[in-house]
Amino acid sequence: MRRPFVAGNWKMNLNRADAVALAAGLAARATQDGGVDLAVCPPSVYLDAVAAALNGSPIALGAQNMYHEAGGAFTGELSAAMLLDVGCKYVILGHSERRHVMGETSEDVNRKVHAALAAGLTPIVCVGELLDQREAGRTAEVIAEQFTASLAGVSADDMARTVMAYEPVWAIGTGKVATPDEAEAVHLDLRKLIEDRYNAEVAAAVRIQYGGSVKPDNAAELLAQPNIDGALVGGASLKVDDFLGIARGALS
Ligand code: 13P
């Protein structure tokens, strides 16, 4: 049975004091075994400070991105070892903003996935279609392409511990949430892709989060779907009540 996993992607928001206050507020209220895994992914300059604020709490730390090289002359980049060093367990890879704003390709994402797994980080690998791709009936094809290329060469054992996130780009930050049926259909497709590439056991183990305008009032219905195993939350992860409200939705 897959344990639900709700992660907050704080994106490029907050200052140091607000990031620490948010982490401390979550740490104070998150219960030790709430039946759901929780993580927050702050801007990388605040990882250290947020790690300190989360210390002793059940909330894990994640980063929003990393570079695939182990070290050297890569100005502005961070390695997997650096993220582990400041206490990260997770790293979001291939978020749509990195794909579509920063121009990351699935091949870039794939190199990062391999580096993260080799270092012992758990990647949260994002896939998702643009609005025009959905309207053209190309959702399944886009998801399959992104999955195949982003996870190329990943072993079955590593796949089983990788987290996937389905984030339809048209639902991110727009308030337009995919209906539970729309989201479930893509999650089911994704699980079938994993089963075809690996086997039923690996497919059953992989947690697939939904992301895109998840709020406390729509979380329970989305997360009740059999193939939706949690949420990757943007805007609503910036408020303690909203984030914990979504976490509760994972349990109902
Ligand atoms: P919103 O929850 O703000 O739509 O963002 C979703 C997201 O991109 C999480 O990674």
Side-chain angles (χ1 to χ4, degrees), residues 4-14 18-19 22 26 36-44 46-47 50 59-66 83 88-104 109 112-113 116 121-131 133-134 139 142-143 146-147 150 162-180 182-183 186-187 190 207-223 228-250:
F5 176 31
V6 174
N9 175 7
W10 294 359
K11 306 194 179 183
M12 198 173 74
N13 292 299
L14 307 173
D18 290 341
L22 176 55
L26 290 169
V36 48
D37 288 343
L38 295 176
V40 293
C41 305
S44 52
Y46 304 137
L47 282 168
V50 167
I59 304 171
L61 188 67
Q64 298 175 16
N65 181 35
M66 56 167 260
L83 300 182
C88 287
K89 176 171 182 191
Y90 299 100
V91 60
I92 300 171
L93 295 176
H95 189 278
S96 71
E97 286 141 24
R98 300 228 45 100
R99 290 180 188 267
H100 298 295
V101 184
M102 312 303 168
E104 263 182 34
V109 177
K112 296 179 183 201
V113 168
L121 284 167
T122 298
I124 301 174
V125 183
C126 305
V127 295
E129 81 287 5
L130 298 163
L131 182 60
Q133 293 170 329
R134 172 161 283 261
T139 299
V142 170
I143 300 303
Q146 290 181 345
F147 167 76
S150 303
T162 293
V163 176
M164 299 289 309
Y166 167 55
E167 299 204 308
V169 181
W170 49 270
I172 295 178
T174 58
K176 274 194 230 164
V177 62
T179 66
E182 281 172 335
V186 179
H187 282 237
L190 201 42
R207 292 187 290 184
I208 309 176
Q209 300 175 316
Y210 169 79
S213 298
V214 179
K215 308 282 179 232
D217 62 1
N218 60 26
E221 208 187 348
L222 283 161
L223 275 58
I228 301 183
D229 308 311
L232 186 55
V233 186
S237 71
L238 300 172
K239 294 201 176 105
V240 172
D241 285 344
D242 286 358
F243 188 63
L244 295 180
I246 292 168
R248 273 194 301 279

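All values derive from a computational prediction rather than experimental measurement. Atoms within a ligand are numbered from 1 in the order they appear, just like the ligands themselves.
With atom 4 (O) of ligand 1 as the reference point, the heavy atom nearest to it among Gly235, Gly173, Ala165 is part of Gly173.
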| task | Decide side-chain contact (heavy atoms from CB on, under 4.5 Å) for Asn9 and Gln64; before the verdict, give the C-alpha distance in whole Å, the side-chain angles of both, and the deciding distance to 0.1 Å. | result | CA-CA 7 Å; Asn9 175 7; Gln64 298 175 16; 3.6 Å; yes
| message | Pair Trp10, Ser237 - check side-chain contact (heavy atoms from CB on, under 4.5 Å), show working. | response | CA-CA 7 Å; Trp10 294 359; Ser237 71; 3.3 Å; yes
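Salt bridge annotation for Arg134-Glu129: present, with a cationic side-chain nitrogen under 4.0 angstrom from a carboxylate oxygen.
For Cys126, the side chain to side chain contact (heavy atoms under 4.5 Å, CB included) partners are Ile92, His95, Ala165, Glu167, Leu232, not counting sequence neighbours.
In summary, the atoms of ligand 1 found under 4.0 Å from a heavy atom of Glu167, numbered by their order in the structure, are 6 (C), 7 (C), 8 (O), 9 (C), 10 (O). Those atoms of ligand 1 with a heavy atom of Gly212 less than 4.0 angstrom away are 4 (O), 6 (C). Near Asn9, the atoms of ligand 1 lying under 4.0 angstrom from a non-hydrogen atom of the residue are 9 (C), 10 (O).
In terms of N/O distances under 3.5 Å, ligand 1 is not approached by Thr174.
Phe5 and Arg207 get closest at one heavy-atom pair: CB-NH1, 3.6 Å. The two residues Val113 and Val125 have their closest heavy-atom pair at CG2-CG2, 3.8 Å. The two atoms that bring Ala178 and Glu182 nearest to each other are CA-OE1, 3.4 Å, heavy atoms only.
The shortest heavy-atom distance from Ala171 to ligand 1 is under 4.0 Å. Residue contact check for ligand 1: Lys215 places no non-hydrogen atom closer than 4.0 Å to it.
For Ser96, no heavy-atom contact with ligand 1 is shorter than 4.0 Å. Under 4.0 angstrom from ligand 1, the non-hydrogen atoms of Ile172 come from both its backbone and its side chain.
Atom 2 (O) of ligand 1 has Gly234 N, 2.9 Å as its closest protein atom, hydrogens excluded (heavy atom only).
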